[in-house]
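Indexing begins at 1, ligand by ligand and atom by atom, following the structure's order. This chain uses plain numbering: 1 for the first residue, then up along the sequence.
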Amino acid sequence: MSDCLFCKIIKGEIPSTKVYENEKVYAFRDIVPQAPEHIVIVPKTHIESANDITPENSSAVAAIYESIPHIAKTVGVDRDGYRIVNNCGKNAGQTVFHIHFHLLGGCMGGKMY
Ligand code: 5GP
Ligand code: ZN
């Protein structure tokens, strides 16, 4: 998707602070962090939202979950814990329509739900 912000970040057309990358996944620091450690994890393939996950593309989402332990360790939150958040659609406040998972860690004030 040529006009997608996260596709541009993946391609390096827009700079980002990378924390992890493999064949299927790219992870970078959120530009407006909502926690001491706030990482955005995206598949390298363009999927708009959780509504668009299918048997054909779900391996991209699995790859994200497989990358989470590495990312959590890299930013130093694996022992104390963290939250993984996916916002789907306007009522959840999704602003970038390339599926992504927020890893939120550091000093968090308990559960939010
Ligand atoms: P959403 O609100 O869709 O769940 O999450 C989108 C996230 O992308 C937001 O937390 C926002 O701060 C982050 N974001 C938006 N534009 C940029 C950018 O250009 N660079 C980085 N690193 N993060 C961005
Ligand atoms: Zn995209």
Side-chain angles (χ1 to χ4, degrees):
M1 283 273 290
S2 56
D3 61 345
C4 168
L5 177 69
F6 287 170
C7 282
K8 286 179 181 166
I9 284 179
I10 292 160
K11 285 189 263 176
E13 293 171 9
I14 292 174
S16 64
T17 306
K18 178 171 85 173
V19 297
Y20 180 83
E21 181 174 19
N22 67 25
E23 192 188 325
K24 292 184 171 177
V25 172
Y26 188 75
F28 54 98
R29 293 198 173 275
D30 198 291
I31 204 166
V32 186
Q34 304 297 319
E37 299 294 341
H38 185 171
I39 312 303
V40 179
I41 314 169
V42 301
K44 288 187 175 177
T45 52
H46 183 91
I47 300 168
E48 278 203 14
S49 77
N51 277 338
D52 303 294
I53 299 170
T54 66
E56 288 71 37
N57 67 22
S58 64
S59 65
V61 179
I64 285 181
Y65 273 85
E66 287 166 20
S67 76
I68 284 171
H70 302 287
I71 295 165
K73 204 167 179 184
T74 299
V75 300
V77 299
D78 55 317
R79 288 169 69 91
D80 286 342
Y82 50 90
R83 182 175 293 128
I84 301 294
V85 174
N86 168 250
N87 296 318
C88 177
K90 69 173 165 56
N91 280 2
Q94 184 178 5
T95 57
V96 180
F97 284 80
H98 177 131
I99 195 170
H100 52 279
F101 295 80
H102 300 263
L103 184 154
L104 300 153
C107 305
M108 305 286 286
K111 290 190 181 180
M112 290 168 70
Y113 66 90

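Atoms of ligand 1 found under 4.0 Å from any heavy atom of Val96, numbered from 1 in the order shown, are 3 (O), 6 (C). Taking a cut-off of under 4.0 Å to the non-hydrogen atoms of Gly93, the atoms of ligand 1 that pass are 2 (O). The atoms of ligand 1 that sit less than 4.0 Å from any heavy atom of His102 are 1 (P), 4 (O), 5 (O), 7 (C), 10 (O). Distances below 4.0 Å separate heavy atoms of Thr95 from the following atoms of ligand 1: 1 (P), 2 (O), 3 (O), 5 (O), 6 (C).
By the criterion of a heavy-atom distance under 4.0 Å, the side chain of Asn87, and not its backbone, is placed next to ligand 1. Here Leu5 has side-chain heavy atoms under 4.0 Å from ligand 1, and that is the only part of it that gets that close. Within the 4.0 Å heavy-atom criterion, neither part of Phe101 lies near ligand 1. Looking at Ile9 against ligand 1, only its side chain comes within 4.0 Å, counting heavy atoms. Contact annotation: for Gln34 versus ligand 1, there are no heavy atoms closer than 4.0 Å.
Here the N, O or S atom of His46 that is nearest to the Zn ion (ligand 2) is ND1. The Zn ion (ligand 2) lies closest to atom ND1 when only the N/O/S atoms of His98 are considered.
The number of heavy-atom neighbours closer than 6.0 Å to CG of Asp52, taken from other residues, nucleotides and ligands shown, is above 12. The environment of NZ in Lys73 is sparse: at most 12 heavy-atom neighbours from other residues, nucleotides or ligands sit within 6.0 Å.
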*asked:* Does Tyr20 form a side chain to side chain contact (heavy atoms under 4.5 Å, CB included) with Ile41? I'd like the steps, not just the answer.
replied: CA-CA 9 Å; Tyr20 180 83; Ile41 314 169; over 6 Å; no
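Remark: minimum distance from atom 11 (C) of ligand 1 to any protein heavy atom is reached at Asp30 OD1, 3.4 Å. The nearest protein atom to atom 22 (N) of ligand 1, hydrogens excluded, is given as Arg29 O, 2.9 Å; this is a heavy-atom distance. With hydrogens left out, the protein atom closest to atom 24 (C) of ligand 1 is Ile31 CG2, 3.4 Å, a heavy atom.
Side-chain N or O atoms of Glu37 include none that pairs as donor or acceptor with a backbone N or O of Ala35 at under 3.5 Å. A donor-acceptor pair is defined here as one N or O able to donate and one able to accept, closer than 3.5 Å; such a pair exists between the side chain of Lys44 and the backbone of Asn22.
Phe6 and His100 have perpendicular rings, their planes meeting at more than 60° on a 0 to 90° scale where under 30° would count as parallel.
In this structure, the separation between CD on Gln94 and CD1 on Ile99 is 7.5 Å, given to the nearest 0.5 Å. To the nearest 0.5 Å, atom OH of residue Tyr82 and atom NE2 of residue His38 are 14.5 Å apart.
Within the 4.0 Å heavy-atom cutoff, Phe6 counts among the residues contacting ligand 1.
Two residues are said to be in side-chain contact when any heavy atoms from C-beta on lie closer than 4.5 Å; Glu66 and Val25 fail this criterion. Between Lys24 and Ser67, every side-chain heavy-atom pair lies at or beyond the 4.5 Å cut-off.
Of the candidates Ile84, Val19, Ile64, Asp30, Leu103 forms a side chain to side chain contact (heavy atoms under 4.5 Å, CB included) with just one, namely Ile84.
Annotation: angle subtended at the Zn ion (ligand 2) by Cys7 SG and Cys4 SG is 120°, to 10°.
When the heavy-atom distances from atom 5 (O) of ligand 1 to Gln94, His38, His100 are ranked, the shortest goes to His100.
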